[in-house]
Amino acid sequence: MKEIVAIALNTFKEAIRNRILYFILVFAVILILLSGVLSELTYTDRGKIILSFGFTAINVFAAAIAVFVGVSLVYNELEKRTIYTIVSKPIGRWQFLLGKYFGLLLTVWVNIIIMTLVFLVMIHYYIGMAATDHGGWFTVVGKAIGRAAVTFVWWPAFKETAVIMPVILVTMLEMMMVTAFAVLFSSFSTPVLSMMFTVMLFVAGRLNEDITRFCVTLYDRALAAALEKHTSIDAQLSPAYHFADWAAHITPNLGAFHKVVEQAVFEQKVTLWPWSIAYGFLYTIAVLALAIMIFQRRNFK
Amino acid sequence: MAVIETQGLSKVYVRDVIDTEYGRLRIRLTGRKTVALDNLNLDVNKGEIFGLLGPNGAGKTTTIKILMGIHFASSGTAKIMGKPLGDRAVKSRIGFLPENPYFYDYLKGWEFLDFYGQLYGIDKRKRRAKVEELLALVGLTHAANIPLRGYSKGMNQRIGLAQALMNDPDIVFLDEPQSGLDPLGRKEVRDLILGLRKQGKTVFFSSHILSDAEMICDRVAILFKGKLRSVGRLSELLSSSVTEWEIVLRDVDERFINRWRDRLERVVESEGEWWLISKSQDLTDAIIDAATRDGGKLSALTPRRQSLEDYFISEVKGS
Ligand SMILES: Nc1ncnc2c1ncn2[C@@H]1O[C@H](COP(=O)(O)OP(=O)(O)OP(=O)(O)O)[C@@H](O)[C@H]1O
Ligand SMILES: [Mg+2]
C-alpha cells in the first residue's frame, strides 16, 4: 500500500510538472469565465445556460486531462526505460500500475476541483451582481469567493448552487472510469493509439444508451418479421444488431452524467442512483484488472 | 555458496521482418529470431566480484534483464539467493544499475533517491541520512538540488549507482557501470566496487572494458554470441597461459649467454645486465640454475602472462 502511494504521489508530481496540464487548465478556466459573459447575451434561462455550459466544460476538460496526461504515463516509463529500476524494486508490477492509476486520478480530480471552484465563484459573482444594492464590484467578488468556499464544503448552502457539487461528484466518478481506460490502453499501445481508443470509448460511453435503444429497435423489428414469417428470431437478427449489442455491452455506460446534468439544470435537483455508483466502481475495477493482466507478463523493450 | 544460479537460461527475441505502412494499410510480419542467450549455466558465489564479459551483442544485458525481471527467459531457470526470480524479499536485498540508465528527469537528485527509498519502505529519517551519504559517496552532493534533466551523462551514471545502493543491498547488479565515466570516475567506480566486496557484498557486473575487469574481478565469465565460452578465476583462466618469462641476469659473461642464445626468444644487453626472454618453464629454470652455479645473480624474473585481453581475443576468435 505504501508503495502504491509513493508511486501515485510521484506520478502526480510528474503530471503537475508537465506543461500540457497548465495549458488545458488555463483554457478551461478561460472558457468557464467566458460562459458567464456569453450568457449575458441571452434573454432567457440565463441560469440554465451557465449551469449546463459549466458542467459540460468541466467534464470535457477533465476527460482531456485524463487523456492527454494519462496516455503517455505508462508508455513513457517503458520508452525511456525508467521502468527498469522500478521493476527491480520490491514492488509488484500491479502495484506500479495501480500507483500510476491513482496518481493520474488524483491529478484529474484536483483539476476538477480547481475548475469547480472557479465555476462556483463565477456563479456567485453573477448572483451577487444581480442584486440591486450589491455594494460594488469589490464586495461582490469577495462575497463570491466566500460563498464558493462555503458551497464547496456544504453543498446545499445556497439554493441556486445546491445542485453543483452532486453533479461534480458524478463527474469525478465518471473520470474514474475514463482514467482507467487511459491507463489500460497506455499499458500496451502507443500514446496516439491510446488517445484515439480512449476518446472513442468516451464518446461511445456517452452514446451507450442510444446504442442500447438502437438494439431494442432492431430487436423489435426482427421479432415482428419472425412472427410474420413464422421463423425463429435468430434468423431475423441482422449483423448490425449483433454488432450494436456487442458494442452496447462492452462500452462503459457514461449516460449517468448526462441524466444528472439534465435533472440538475431543468429540475434543480439531483438523484444519485446507488446502482450507477456501484456500476462505476465495478467497471473501473474490471478495466484495471485487465490492464494488470496485460502488464504483468509483458517483456519491456 | 552460490547466490546467483542460472540453469539453461535462454532468450530468443523475435523481431519484425516487415513493418511498413502504405497509407492506411499496415503490413507487419514478425519472424526473424535472435538467440540472444543460449543455455547459460552460471554460479556466482557470495562475496565475490563477478565480471560478465563479452563483446557487443554477446548477451550480457539480456542476462541481467532476465535476472532483474525486465524480460522473461524463453527457457531455463534462474535463482537469486536460492529463490526463484521475482521474489519480493530477495528484491529488497538487491540493487541494480541498468545500462545507460535513464531516470525521472523531472525529479531533483535527492528527490529521486528519496522516492526510491520509499519503494523500499525505508522510513523518512533513515532515508534522509542515506540519501546524503550516497550523494557524497558518488560525488554528487553539489547536484542534490538540480533536476535530473540537467545532469550530464556521467552524473546520470553516478546517481544510478547511488540508487542501486539505496537499500544497502547484499547483491549488486551493475550493467556496464563504467560507461560514460572519465578515467577518474572509472577509478572511483573500481574503488567503490572493491569497497562493496570489503563489506561482504556480492557484485555482479558486465563490462567490455577488460583492463578494469582484470583489476577487480575475482571470477569472470566470457560470453560470446549468447554462449558461455569460459568461466573461472582470472588466475585459473590465465595462469595456464603464461606465455613467456623475462629473466634479468647480472655478473654473467657473454660465453655463458651464448650457450643458450639459440634457444631464447630474445637477448638484450644493457648496462651490465642481460635481458632474456624464454618461452618455456624448463629452459627458464635451467638458465637460472646454471647462472647461479657460475656465480651470476638473478636480478629479476617476470612471468609474462597473457592479458585478459589476449585471452579474450583468442577465445572469441577460436569460436
Ligand atoms: N529487445 C530486443 N529485441 C530484439 N533483439 C534484441 C533485444 N535486445 C537485445 N537483442 C539482441 O540480443 C543480442 C544480445 O544483446 P545484449 O543487449 O544482451 O548484448 P550485450 O552483451 O549487452 O551488448 P553490449 O556490450 O553492446 O551492451 C543482440 O544480438 C541484440 O541485437
Ligand atoms: Mg549491454
Side-chain angles (χ1 to χ4, degrees), chain A residues 1-22 69 72-100 102-103 107 189-190 192-193 196 292-301, chain B residues 11-14 61-62 64-74 80 85-108 111-123 127 147-149 159-160 163-164 166-167 169 171-173 175:
Chain A
M1 195 57 210
K2 250 195 271 170
E3 298 89 341
I4 299 179
V5 172
I7 291 176
L9 290 179
N10 185 53
T11 304
F12 181 67
K13 223 183 246 181
E14 178 180 357
I16 60 172
R17 290 179 191 183
N18 186 343
R19 236 173 277 132
I20 192 155
L21 183 68
Y22 296 98
V69 179
S72 54
L73 269 185
V74 178
Y75 180 81
N76 275 353
E77 297 260 354
L78 308 186
E79 195 55 24
K80 294 183 172 170
R81 294 178 286 116
T82 44
I83 188 86
Y84 283 14
T85 42
I86 295 282
V87 165
S88 75
K89 302 284 178 278
I91 61 163
R93 287 182 177 199
W94 63 275
Q95 285 174 310
F96 168 79
L97 210 61
L98 285 185
K100 284 270 139 190
F102 287 120
T107 310
S189 81
T190 62
V192 174
L193 280 179
M196 278 166 45
I292 287 170
M293 261 163 54
I294 293 171
F295 199 65
Q296 202 72 10
R297 282 299 298 176
R298 243 196 103 159
N299 275 313
F300 300 128
K301 236 170 51 134
Chain B
K11 177 73 186 175
V12 181
Y13 289 112
V14 182
T61 298
T62 302
I64 294 181
K65 278 183 182 170
I66 292 173
L67 291 174
M68 293 298 99
I70 296 163
H71 285 175
F72 296 102
S74 307
I80 300 177
L85 299 181
D87 186 276
R88 281 276 194 96
V90 169
K91 280 185 173 180
S92 65
R93 303 304 322 140
I94 64 176
F96 169 46
L97 169 69
E99 181 178 38
N100 304 322
Y102 189 87
F103 304 112
Y104 299 103
D105 60 7
Y106 52 89
L107 293 179
K108 294 170 184 163
E111 267 181 326
F112 167 66
L113 292 180
D114 188 68
F115 170 44
Y116 274 23
Q118 289 173 40
L119 296 183
Y120 282 114
I122 303 170
D123 69 57
R127 243 162 38 217
L148 299 191
R149 194 182 296 122
I159 199 88
Q163 63 81 30
M166 196 63 208
N167 57 334
I171 310 180
V172 190
F173 294 83
D175 197 353

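We name chains A, B, ... by the order of the sequence lines, and we start the count at 1 in each one. Here the structure is a predicted model, which means the values were calculated and not measured.
- Comment: B:E111 engages A:R17 in a salt bridge, judged by a side-chain N to carboxylate O separation of less than 4.0 angstrom.
- Atoms CG and OG1, on B:L107 and A:T82 in that order, are 10.5 Å from each other to the nearest 0.5 Å.
- Both the backbone and the side chain of A:I86 come within contact range of chain B, each with at least one heavy atom under 4.5 Å from a heavy atom of that chain.
- Contact annotation for B:L97: neither backbone nor side-chain heavy atoms come within less than 4.5 Å of a heavy atom of chain A.
- Once rounded to the nearest 0.5 Å, the distance linking CG of B:N167 with OG of A:S88 reads 8.5 Å.
- Interface check for chain A: of the options B:F173, B:F115, B:F96, the most heavy-atom pairs under 4.5 Å are formed by B:F115.
- Of all heavy-atom pairs between A:V87 and B:G69, the closest is CG1-O, 3.5 Å.
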**Prompt:** Should A:K80 and B:Y104 be marked as a side chain to side chain donor-acceptor pair (under 3.5 Å) after you check the CA-CA gap, both sets of side-chain angles, and the distance that decides it?
**Reply:** CA-CA 9 Å; A:K80 294 183 172 170; B:Y104 299 103; over 6 Å; no
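- Using a 4.5 Å heavy-atom threshold, the side chains of B:Y116 and A:K89 count as touching.
- Of the inter-residue distances, the one linking A:L78 atom CG with B:I70 atom CD1 reads 11.0 Å to the nearest 0.5 angstrom.
- Within the 3.5 Å criterion, the main-chain N or O of A:G92 finds no donor-acceptor partner in the side chain of B:K91.
- Taken to the nearest 0.5 Å, the CG atom of A:N10 stands 3.5 Å off from the OH atom of B:Y106.
- Using a 4.5 Å heavy-atom cutoff, the side chains of B:L119 and A:I7 are in contact.
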